[in-house]
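Heads up, the thing below is written out as structure tokens.
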Amino acid sequence: MLKYTVISGSHRKVSQSAKIAKVVEKLILKENPSDDVGVIELANNPLPLWDEGVFHKDAKWTALWTPYSEALKASDAIVVVSPEWGGMVPPGLKNFFLLCGNLELGHKPGLIITVSAATGGAYPVAELRMGSYKNNHFCYIPDHVIVRNANNILNDLDNPTADDDRIRVRISYSLAVLKEYAMALRAVRNSPVINFKDFANGM
Ligand SMILES: Cc1cc2nc3c(=O)[nH]c(=O)nc-3n(C[C@H](O)[C@H](O)[C@H](O)COP(=O)(O)O)c2cc1C
């Protein structure tokens, strides 16, 4: 059995990213009914901006972060759903990655799915691949998905359009690849080579 966490990175109360995160949850469970999937929603900014209290393990941060931390620590694979906002990843999602450490994400596979109402979506892929893994050792798999024209896509899984089918097949394939990495990277995490004590941060 595998445990997945799907992160919806939009701050909006109602967002296309949250819609896609729920589709991902459904597709994982359809293929793997015995697996466990949790969804973390960053709607309405549930976490404040990082401050020094994180380093000092302030009670405020322990209370806020522990539920997210525990869910991620128990996960074998993570799906990151990010909208493109101003050609960027939303700041709340970047803030979330600042809070994540090796125990939450280290040597775990991640699938990036970006979401655009128009024809964007490439910038957040590049930004996540460049800037969200160094100190937590998150491993993005080579495949990613860009959901364009998001308002008109994947609104009714039971009555799919041709466009729905095209992107659903791509998401399902990427999830199948993610699963293979999830099983394979367990061996990496259990390897005696991994040393988060002396090499906690990447260069
Ligand atoms: C602040 C803001 C900036 C945005 N900038 C972009 C952009 O640069 N490129 C783009 O394709 N869409 C942009 N959009 C539109 C999003 O693609 C659209 O909201 C889509 O539904 C994904 O975001 P959501 O998950 O928040 O709904 C922006 C939306 C917001 C709220």
Side-chain angles (χ1 to χ4, degrees), residues 4-30 37-50 64-65 67-68 71-72 75 77-100 104-105 108-133 136 138 140-175 177-178:
Y4 296 79
T5 292
V6 184
I7 302 168
S8 171
S10 175
H11 310 189
R12 296 207 299 157
K13 190 175 174 188
V14 177
S15 70
Q16 293 300 316
S17 296
K19 177 187 84 179
I20 298 299
K22 288 188 187 92
V23 168
V24 168
E25 178 186 25
K26 278 198 188 125
L27 291 177
I28 294 172
L29 291 173
K30 191 172 164 218
V37 189
V39 178
I40 290 177
E41 278 233 30
L42 300 186
N44 294 325
N45 285 309
L47 290 161
L49 274 184
W50 183 97
L64 281 167
W65 181 242
Y68 298 98
L72 291 168
S75 297
I78 289 96
V79 181
V80 180
V81 182
S82 174
E84 176 169 315
W85 280 8
M88 300 182 282
V89 169
L93 183 55
K94 298 299 287 276
N95 187 51
F96 188 85
F97 279 115
L98 265 187
L99 297 167
C100 289
E104 284 92 6
L105 297 182
K108 295 184 182 182
L111 170 64
I112 296 170
I113 301 181
T114 60
V115 181
S116 168
T119 55
Y123 287 122
V125 172
E127 188 178 343
L128 288 167
R129 289 195 182 285
M130 186 184 75
S132 56
Y133 73 95
N136 54 46
F138 194 20
Y140 289 117
I141 66 170
D143 287 287
H144 57 247
V145 180
I146 301 178
V147 178
R148 294 186 165 122
N149 189 21
N151 293 301
N152 302 314
I153 289 280
L154 297 171
N155 288 318
D156 183 359
L157 279 187
D158 295 328
N159 297 293
T161 63
D163 284 343
D164 289 346
D165 279 338
R166 262 194 297 279
I167 199 73
R168 185 189 48 73
V169 165
R170 172 65 67 165
I171 295 172
S172 294
Y173 170 72
S174 301
L175 288 171
V177 174
L178 181 71

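Since we're looking at a predicted model, the values are computed, not measured. Start at 1 and go down the list; that is how both ligands and their atoms are numbered.
Distance from atom 11 (O) of ligand 1 to its nearest protein heavy atom, with residue and atom name: S116 OG, 2.6 Å. If you check which protein heavy atom lies closest to atom 13 (C) of ligand 1, you get E84 O, 2.9 Å. Nearest to atom 29 (C) of ligand 1 among the protein's heavy atoms is W85 CD1, 3.6 Å. Considering only non-hydrogen protein atoms, atom 21 (O) of ligand 1 sits nearest to Q16 CG, 3.1 Å. Scanning all protein heavy atoms for the shortest distance to atom 25 (O) of ligand 1 gives S17 OG, 2.6 Å.
The side chain to side chain donor-acceptor pair (under 3.5 Å) analysis of residues 84-99, with sequence neighbours excluded, yields the pairs K94-E127.
Of the possible donor and acceptor atoms, one in the side chain of K108 sits under 3.5 Å from a partner among the backbone N and O of L72. Although no hydrogens or angles enter the test, the distance criterion places a donor-acceptor pair under 3.5 Å between the side chain of S15 and the main chain of A18.
For the residue pair S17 / S10, no side-chain donor-acceptor distance below 3.5 Å is found, with atom types taken as modelled. Between the side chains of T5 and Y68, not a single donor N or O lies within less than 3.5 Å of an accepting N or O. Looking at Q16 and N151, their side chains do bring a donor and an acceptor atom within 3.5 Å of each other.
Applying the side chain to side chain contact (heavy atoms under 4.5 Å, CB included) test between L154 and each of D164, V24, L27 identifies D164 as the sole match. Remark: of the listed residues V125, I112, V115, L93, L93 is the sole one forming a side chain to side chain contact (heavy atoms under 4.5 Å, CB included) with S82.
Of the candidates P124, S10, A21, G87, the one placing a heavy atom closest to atom 24 (P) of ligand 1 is S10. Considering each of R12, R148, K13, the one bringing a non-hydrogen atom nearest atom 27 (O) of ligand 1 is R12. For atom 23 (O) of ligand 1, the nearest non-hydrogen atom from the set G9, S8, P83 comes from P83.
In terms of polar-atom proximity, T119 is not counted as a contact of ligand 1, lacking any N or O under 3.5 Å from an N or O of the ligand. Distances between N or O atoms of N151 and those of ligand 1 include no value under 3.5 Å. Any N or O atom pair closer than 3.5 Å counts here, and G86 shares at least one such pair with ligand 1.
In summary, the atoms of ligand 1 found under 4.0 Å from a heavy atom of A117, numbered by their order in the structure, are 16 (C), 17 (O), 18 (C), 20 (C). Those atoms of ligand 1 with a heavy atom of G120 less than 4.0 angstrom away are 11 (O).
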Name each donor-acceptor pair under 3.5 Å that joins a side chain in residues 39-50 to protein atoms two or more places apart or in another chain, with its distance.
| from | atom 1 | to | atom 2 | distance (Å) |
| --- | --- | --- | --- | --- |
| E41 | OE2 | K22 | NZ | 3.4 |
| N45 | OD1 | H11 | ND1 | 3.2 |
| N45 | ND2 | H11 | ND1 | 3.2 |

